[in-house]
Colleague: 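Pasting in a structure now, in structure tokens, and then I'll have a few things to ask.
A quick note: this is a predicted structure, and the numbers were derived from the prediction, not measured. Just so you know, these numbers use all the heavy atoms, side chains as well, and skip hydrogens, waters and symmetry mates. Count residues from 1 along the sequence.
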Amino acid sequence: MELKHLTGFVAVAEELHFGRAAERLHIAQSPLSQQIKLLERDLGVKLFDRTTRTVRLTPAGQALVEPARRLLADASAVRRTVRAAHLGEVGRVSVGFAGASSYAALPLLTRAVTSQLPGIELVLEGQTYSGEALRRVTDGTLDIGFVALPVRRGITARVVRMERLVLALPDSHPLADRAEVPVRALADEPIVTFPLSRESAVRDAMVQACHDAGFAPRIAQEAPDSYNMLALVGAGVGVAVVVESARNIHLEHVVFRPLAGDEVPVLPIALGWRSGNPSAALQAVLRVAQEVLPTPEDAPAASEPGS
């Protein structure tokens with residue numbers, strides 16, 4: 001039993017037409033028919049009932065379809081793994097992330113790496129906010145981190161998202177009736193945000209926007225992540241300034257409203273890694289990230305500063 005015979009069998013089983021199956025495999029119909037005959041001879045069974053007008057799977061053919069698909073998938077995985085080992089694309093790559101922006105981007109990266117780089121294991125380290133991620137990438141305890149700009153010397157970064165800040169508030173809040181909310185309207189509002197110790201870029205941007213509007217924010221409570229923050233908002237503890245990706249977190253009694261005014265920043269969210277890191281596994285992950293997380297057209301440059 002040869003893999004090319006199984007490939008031909010699956011194509012015919014899915015198309016139920018030898019001509020279309022041959023076209024799909026980019027071969028002539030005669031060699032395909034010969035492959036099926038050799039496979040039937042090897043198995044000692046008839047796989048298709050053929051007439052001049054129809055092609056149907058026999059019971060034996062039906063039984064072979066799923067095992068054949070699994071064998072072909074396993075063979076493909078073996079090829080990818082061996083090729084990855086040959087190129088040095090094996091090992092572990094650690095990724096630090098936190099907040100709604102990375103929650104939106106990370107699944108795209110992990111699925112693509114799993115599919116394209118079977119020899120690489122992504123080690124995902126949650127609640128690693130921008131400042132901590134930058135420090136850990138710098139000291140080598142983290143390979144890649146979702147970071148804010150600017151980055152420090154020795155770090156290379158590429159912007160993967162541009163995030164506008166929005167307001168999350170309880171659906172019963174008076175400000176929920178507005179189409180958009182000026183930042184100055186938050187002057188007397190209790191605010192839920194990320195802990196100061198986590199060095200969150202979103203918290204820093206919120207504080208700066210409040211200062212630009214002429215007041216200091218009144219922090220009512222801190223939350224370790226976006227989900228807990230929005231849960232506190234829904235419970236009426238306060239309002240929260242979050243990135244627009246937080247809209248993907250659906251909780252009862254929480255609504256989102258745009259923030260109005262020139263003082264509302266747009267945050268560039270970047271992937272950052274140590275410049276000159278020789279890891280082939282890291283470079284392979286960065287190539288995949290370039291495909292699935294392209295740089296937005298309106299993104300600022302995010303190269304190594306001072307270089």
Side-chain angles (χ1 to χ4, degrees), residues 7 24-26 69 72-126 128-130 133-134 136-138 140 142-151 154-164 201 226 243-249 266-305 307:
T7 301
R24 170 172 148 183
L25 296 173
H26 306 292
R69 284 174 175 154
L72 291 173
D74 289 344
S76 178
V78 168
R79 290 191 188 98
R80 292 197 306 271
T81 300
V82 172
R83 187 181 185 310
H86 173 68
L87 296 174
E89 296 173 352
V90 293
R92 300 171 53 150
V93 174
S94 55
V95 183
F97 68 98
S101 292
S102 56
Y103 296 163
L106 195 61
L108 298 174
L109 180 61
T110 55
R111 285 196 295 264
V113 169
T114 299
S115 173
Q116 298 183 38
L117 302 171
I120 293 177
E121 176 189 0
L122 287 184
V123 181
L124 306 179
E125 302 196 19
T128 306
Y129 289 86
S130 179
L134 200 54
R136 292 190 56 195
V137 168
T138 301
L142 195 67
D143 294 312
I144 310 173
F146 285 88
V147 301
L149 302 184
V151 294
I155 300 297
T156 302
R158 182 177 63 81
V159 176
V160 295
R161 293 182 75 87
M162 295 294 291
E163 289 279 10
R164 188 171 298 278
S226 299
V243 293
E244 197 157 15
S245 290
R247 291 178 182 270
N248 296 322
I249 302 173
V266 177
L267 291 182
I269 307 300
L271 280 178
W273 61 94
R274 188 160 49 88
S275 304
N277 188 326
S279 167
L282 171 63
Q283 297 306 316
V285 170
L286 292 175
R287 286 196 300 273
V288 171
Q290 181 77 55
E291 297 174 12
V292 298
L293 299 173
T295 300
E297 291 183 1
D298 58 343
S303 59
E304 182 180 348
S307 61

Colleague: Taking distance alone, no hydrogens or angles, what donor-acceptor pairs closer than 3.5 Å link side-chain atoms of residues 111-124 to residues at least two apart or in another chain?
Modeller:
| unit_1 | atom_1 | unit_2 | atom_2 | d |
| --- | --- | --- | --- | --- |
| Thr114 | OG1 | Thr110 | O | 2.9 |
| Gln116 | NE2 | Glu291 | OE1 | 3.4 |

Colleague: May I have the list of side-chain donor-acceptor pairs in residues 292-299 shorter than 3.5 Å, sequence neighbours left out?
Modeller:
| unit_1 | atom_1 | unit_2 | atom_2 | d |
| --- | --- | --- | --- | --- |
| Thr295 | OG1 | Arg158 | NH1 | 3.1 |
| Thr295 | OG1 | Val159 | O | 3.1 |

Colleague: Mind checking what makes side chain to side chain contact (heavy atoms under 4.5 Å, CB included) contact with Arg24, not counting sequence neighbours?
Modeller: Ala11, Glu14, Glu15
Colleague: How close do Val137 and Gly272 get, heavy atom to heavy atom, and via which atoms?
Modeller: CG2-O, 3.9 Å
Colleague: Could you measure the distance from the CG atom of Leu134 to the CZ atom of Arg274? Nearest 0.5 Å is fine.
Modeller: 13.0 Å
Colleague: State, with a plain yes or no, whether a side-chain heavy atom of Phe146 is found less than 4.5 Å away from one of Tyr129.
Modeller: no
Colleague: Are side-chain heavy atoms of Ile155 and Trp273 found at a separation under 4.5 Å?
Modeller: no
Colleague: Show your reasoning for whether side chain to side chain contact (heavy atoms under 4.5 Å, CB included) applies to Thr128 and Arg136.
Modeller: CA-CA 9 Å; Thr128 306; Arg136 292 190 56 195; 4.2 Å; yes
Colleague: Measuring from atom CG of Leu267 to atom CG of Leu149, what distance do you get when rounded to the nearest 0.5 angstrom?
Modeller: 9.5 Å
Colleague: Return the minimal non-hydrogen interatomic distance between Ser102 and Gly99, and the atom names on each side.
Modeller: OG-O, 3.0 Å
Colleague: Is the backbone N or O of Ala148 less than 3.5 Å from a side-chain atom of Ser130, with the two atoms forming a donor-acceptor pair by type?
Modeller: yes
Colleague: Which residue is it: Val93, Asn277, Asp143, Ile144? I am looking for the one with a side-chain contact (heavy atoms from CB on, under 4.5 Å) to Leu286.
Modeller: Ile144
Colleague: Is any side-chain heavy atom of Pro268 closer than 4.5 Å to a side-chain heavy atom of Arg161?
Modeller: no
Colleague: Would you say Ser101 and Ser245 are linked by a side-chain donor-acceptor pair, where the criterion is simply a distance under 3.5 Å?
Modeller: no
Colleague: Please round to the nearest 0.5 Å and tell me the distance separating atom CZ of Arg92 and atom OG of Ser279.
Modeller: 12.5 Å
Colleague: Hey, are Ser94 and Glu125 close enough side-chain-wise for a donor-acceptor pair under 3.5 Å?
Modeller: no
